[in-house]
Amino acid sequence: MLPDSSSSQPEFDYLFKLLLIGDSGVGKSTLLLSFTSNTFEDLSPTIGVDFKVKHVNIGGKKLKLAIWDTAGQERFRTLTSSYYRGAQGVIMVYDVTRRETFTNLSDIWAKEIDLYSTNQDCIKMLVGNKVDKESERVVTKKEGIDFAREYGCLFLECSAKTRVNVEQCFEELVLKILETPSLLAEGSSGVRKNIFKQKPPESDAATSGCC
Amino acid sequence: MNETFSSSLSNFHGTVRAHQLGTALSSAVMLKGKLKLPEAARRAFPDRLGSLVMGFDDKDDENGRSDLVFGSGEELETFQPNGFGLDRESDEDEDHKPSDDSDRRIRQRSDKDGASSVSASEIIAADEKRSDIAFELSQKEINLEKLQRLASLGLPDGGGLRATAWKLLLGYLPASRNLWEKELTENRLKYAKLKEELLLSPAEYARRKTEALDAMEQDVDSPADGPLTRHEISQEDHPLSLGKASAWHKYFQDTEIAEQIDRDLQRTHPDLKFFSGDSSLSRKNREAMRSILLLFAKLNPAIRYVQGMNEVLAPIYYIFSTDTDEQNAANAEADSFCCFVRLLSDSVDHFCQQLDNSSVGIHSTLSRLVELLKANDEELWRHLEFTTKVNPQFYAFRWITLLLTQEFNFHSIMRIWDTLLSNPFGVQEMLLRVCCAMLLCIKSRLLSGDFAANLKLLQHYPEINIEHLLQVAQDLSPDTSSFRLSM
């Protein structure tokens with residue numbers, strides 16, 4: 001019933017590790033599901049971490065994206081810290097209808113990236129989700145743009161529900177990673193290991209050495 | 001009333017501060033103290049082993065017997081006409097096997113096909129099981145050892161047998177039947193009182209506070225100083241106050257917790273009508289669960305509410321509120337609260353971040369799981385630990401803290417819980433066994449998988465025969481029994 005992904009691993013040029021962070025209930029898991037399987041559904045809250053893989057062709061390259069979807073609640077943050085290791089891209093998600101999810105980005109999440117991110121060039125992307133609820137919007141697009149400018153990240157508004165801009169969130173992030181030589185080197189070194197013998201697969205990008 | 005109210009509040013503040021200042025360990029101790037609040041919860045979990053006396057009484061016998069008449073499908077009626085997870089199932093029926101890229105977050109039903117074709121012998125066996133348990137529960141003095149033995153094989157769906165059995169297994173109901181009514185009445189009253197004291201609406205809280213302030217103000221003489229005095233008195237208590245002791249500070253904190261709980265209850269088993277959707281039934285259920293979780297959070301300021309508690313509460317509340325005994329169903333909220341506290345009493349430390357690295361914290365429990373696996377299957381252990389490096393934190397953290405409630409369909413969860421709750425060595429001991437068995441049961445797939453494949457497999461556990469899984473768990477190597485000692 002479950003897909004057997006291990007047997008039919010297609011080749012890829014680069015492996016990138018991406019991370020989704022942000023407050024509980026902003027729609028991280030739904031955004032990811034919308035991206036990986038083109039569907040929208042109500043999901044149980046994420047406990048700990050959820051992991052998905054998606055193969056895409058972006059910028060003429062075959063890419064394998066290993067995406068870590070973290071839990072939003074504070075209790076789980078000691079656990080999430082290890083997921084930052086080796087990530088080439090981080091997506092910070094907030095809910096445009098809940099202001100505190102936006103303010104917490106600067107109060108909590110941006111600080112966490114600084115603290116735990118192991119790669120200085122790691123690309124950050126700010127995503128305002130739930131724009132389908134335009135009438136309930138409390139965070140303006142301008143505020144999002146200003147934040148992105150201040151923290152040096154990419155910015156998009158999207159709706160996991162209507163799928164507006166969902167693919168773009170990941171595409172733009174990945175394109176930027178492809179433009180960054182230091183990140184590219186990391187991604188391809190993982191590939192080399194992977195292609196010649198599945199010894200320690202993705203040890204660079206996808207595992208962490210905690211515990 | 002006012003006095004009780006404010007004394008409870010000052011208790012909270014004291015505890016919160018102590019927690020912030022103190023070590024993680026002290027918070028656990030306080031927590032355990034706090035957990036005792038409903039008096040019946042004072043009996044420690046293993047105490048239920050103490051009373052093993054036999055007797056006979058047929059007081060509630062009618063209930064037990066009448067259960068025999070109705071089919072086991074009765075309980076399912078609370079859900080959509082076709083039972084559990086209709087929406088989800090129809091998704092699967094399209095049989096578009098999710099590709100590697102699009103694995104969906106679906107907890108699949110196990111034994112889906114087998115459910116409709118029940119053989120005659122299975123029906124007879126189920127009837128026998130049902131009457132054995134009904135008989136045992138009708139005794140004047142319940143033999144808990146015997147009940148544990150019967151329940152570990154699975155309790156019947158429908159009727160009130162599972163509700164009564166779980167209450168006994170959790171030690172909420174005493175073994176002596178003639179004490180049940182008194183015990184239940186007391187606990188239900190206590191719950192109602194706690195709720196009244198602690199879940200007052202903010203408006204009511206403010207009103208009482210204002211009354212108190214007004215009373216103080218009347219003592220002030222000089223009218224010219226009036227405004228200034230008023231200002232001084234309310235200083236610690238206005239909405240913009242930053243003081244931690246401010247009622248407003250607490251109010252905002254509580255609101256935050258309540259909002260978090262509401263958000264999570266909206267997405268508790270989103271496929272089940274009992275919990276989700278806009279029906280009046282589901283709204284009523286969410287309201288009750290909200291009170292339980294909020295009250296728990298207030299009584300345990302070191303832990304408050306942690307995501308996932310909603311999932312742990314769900315099976316209890318579902319079973320209790322679908323009890324065919326009307327009196328019991330009507331009091332499902334109070335009973336669920338008490339049993340939720342009891343169920344968490346030996347694992348609540350897993351929810352506490354400050355205890356993560358202590359001997360009672362989640363990491364220590366995860367290590368025990370790894371040891372258990374190593375003792376039972378070194379090859380698989382080596383493969384997971386060294387070859388594919390799948391850290392158990394990535395999958396078993398959720399398995400353990402949520403008592404497997406996000407890994408299986410609702411029906412299977414209840415079956416697994418029958419076994420967990422009836423383990424003489426405690427829920428946690430059996431939980432680790434089941435987790436280990438989950439790994440063993442998909443050994444060949446794990447051995448052929450790499451990091452990504454294994455992690456995905458373990459985070460989305462495949463369909464499996466639950467009875468087989470539990471049997472494997474029971475049969476785990478006995479030389480691991482030493483793990484009990486550290487429980």
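Everything quoted here is computed from the prediction, not taken from an experiment. So you know, we letter chains A, B, ... as the sequences are listed, proteins then strands, and number each from 1.
Scored by the side-chain contact (heavy atoms from CB on, under 4.5 Å) test, E136(A) finds T97(A), K133(A) as partners (sequence neighbours excluded). Scanning for side-chain contact (heavy atoms from CB on, under 4.5 Å) contacts around C122(A) gives V90(A), S117(A), N119(A), with sequence neighbours left out.
A donor-acceptor pair under 3.5 Å is absent between the side-chain atoms of Q406(B) and the main chain of W399(B), judged by distance alone.
Taking the side chain as every heavy atom from C-beta outward, D132(A) and V164(A) never approach each other to under 4.5 Å.
Looking only at heavy-atom pairs under 4.5 Å with chain A, the residue among R304(B), R263(B), Q307(B) that has the most is Q307(B).
Only the side chain of Q260(B) has a heavy atom closer than 4.5 Å to any heavy atom of chain A. For S276(B), no part sits under 4.5 Å from any heavy atom of chain A, backbone or side chain. For L402(B), the part sitting under 4.5 Å from any heavy atom of chain A is the side chain, from C-beta outward, and nothing else.
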